[in-house]
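Note that this is a predicted model, so its numbers are computed, not measured. Reminder, nothing fancy here: chain letters follow the sequence lines and each chain counts from 1.
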2 protein chains.
Amino acid sequence: MQAIPQENIKDASQGLRAIAHELRLAVLCHLMNGPMCVAELLEATGASQSNLSQHLAKMRMMGILKNERRGTQVYYRIADPAFEGLIMALKNIYCPEMCT
Amino acid sequence: MQAIPQENIKDASQGLRAIAHELRLAVLCHLMNGPMCVAELLEATGASQSNLSQHLAKMRMMGILKNERRGTQVYYRIADPAFEGLIMALKNIYCPEMCT
DNA sequence: TGACAATATTAGATTATTATAATATTGTTC
DNA sequence: GAACAATATTATAATAATCTAATATTGTCA
């Protein structure tokens with residue numbers, strides 16, 4: 001009996017890689033509080049427009065985020081609530097004092 | 001109130017990168033069942049000796065694994081049980097049917 | 001001490017990620 | 001439909017991650 005069976009290791013490691021980046025992780029954390037449009041994420045992260053857009057695209061393609069157009073703006077949100085569990089587990093490691 | 005505060009994002013993303021690799025994740029999963037020596041991990045993963053050794057070194061330096069020499073063999077184990085929580089959260093995403 | 005077993009390290013070429021700059025797309029308003 | 005705002009895409013140069021092959025280290029035992 002193994003934590004994650006061999007057949008799922010490849011997918012799981014790809015999923016990890018998809019969030020294993022400073023900017024992408026920051027985006028994910030911001031989106032924990034609900035959907036945000038790109039302009040808001042730009043403001044919140046301080047990234048360049050092009051760079052943020054590319055990272056959003058990557059997370060979208062990896063199935064981590066979903067987006068929805070509203071007029072001229074595009075809103076992003078976390079696609080699968082299970083990813084929030086992952087963030088929480090991370091938080092437990094890197095800022096345990098916040099996790100009482 | 002944010003999932004992981006900005007000041008911890010860098011560390012957390014580095015920690016993620018440290019396990020965001022097929023072989024390293026496989027090693028971590030094997031070690032969920034208890035310590036193993038390098039030869040056993042070689043057998044279990046099918047990696048080359050040099051390659052495995054380098055990945056073990058990386059995880060050791062990132063504080064994810066600890067090692068202990070016993071005679072001519074070296075045993076590895078998960079350094080911080082909180083990492084097991086991370087694996088479980090991953091499992092919840094990539095093989096939810098196993099998580100009832 | 002010499003030979004062997006187990007593991008670690010180094011050097012190197014290859015491939016993957018990343019950031020920036022430039023350009024393109026899409027929607028809105030007049 | 002022209003001008004603008006918001007976002008996406010492409011090209012590309014720079015950096016980082018990876019694997020293999022070769023070599024080094026450490027411990028055991030005769």
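- A/I4 and A/I9 make their closest contact through O-CD1, 3.8 Å (heavy atoms, listed as atom of the first residue, atom of the second, distance).
- Rounded to an integer number of Å, the gap from A/L56 CG to D/dA6 P is 16 Å.
- Taking atom CE on B/M59 and atom C1' on D/dT18, their separation rounds to 14 Å, with Å as the unit.
- Between the side chain of A/Q49 and the base of D/dA8, a donor-acceptor pair under 3.5 Å is found.
- The side chain of B/Y76 approaches C/dA8 more closely than any other nucleotide in the set C/dA8, D/dG27, D/dT7.
- Comparing C/dA8, C/dT17, C/dA6 by their closest approach to the side chain of B/T72 singles out C/dA6.
- Checking D/dT9, C/dA19, D/dT7 against the side-chain heavy atoms of A/H21 singles out C/dA19 as nearest.
- For A/Q54, whose side chain is taken as the heavy atoms from C-beta onward, the closest listed nucleotide among D/dA6, D/dA11, C/dT7 is D/dA11.
- Contact annotation: the side chain of A/L56 never approaches that of A/V74 to less than 4.5 Å [non-hydrogen atoms, C-beta and beyond].
- In this structure, A/R69 contributes its side chain and A/G71 its backbone to a donor-acceptor pair below 3.5 Å.
- Going from atom CG of A/N51 over to atom P of D/dT15 covers 15 Å, rounded to whole Å.
- Set against D/dA6, D/dA8, C/dT7, the side chain of B/Q73 has C/dT7 as its closest nucleotide.
- The side chain of A/H55 places an N or O atom within less than 4.0 Å of a non-bridging phosphate oxygen (OP1 or OP2) of C/dA19.
- Within 6.0 Å of CD in B/E43 there are 12 or fewer heavy atoms belonging to other residues, nucleotides or ligands.
- The distance between atom CD of A/E68 and atom P of C/dT26, rounded to the nearest whole Å, is 18 Å.
- Note: CZ (B/R17) to P (C/dA16) measures 18 Å, nearest angstrom.
- Among the protein residues, A/Y75 comes within range of no part of the nucleic acid, since none of its heavy atoms lies under 4.0 Å from any strand.
- With rounding to whole Å, B/M62 atom CE is found 14 Å from D/dA16 atom C1'.
- Side-chain N/O atoms of B/R69 include none lying less than 4.0 angstrom from OP1 or OP2 on C/dT7.
- Taking side-chain N and O atoms only, B/K58 has a distance below 4.0 Å to OP1 or OP2 of D/dT18.
- As rounded to whole Å, 17 Å separates atom P of D/dT15 from atom CD of A/E22.
- Nearest to the side chain of B/R24, among C/dT17, D/dT18, C/dT7, sits D/dT18.
- Residue A/M36 contributes atom CE, which lies 15 Å from atom C1' of D/dA6 at whole-angstrom precision.
- A donor-acceptor contact under 3.5 Å is formed by the side chain of A/S50 with the base of D/dT9.
- A 4.5 Å side-chain heavy-atom check between A/P5 and B/M98 finds at least one atom pair inside the cut-off.
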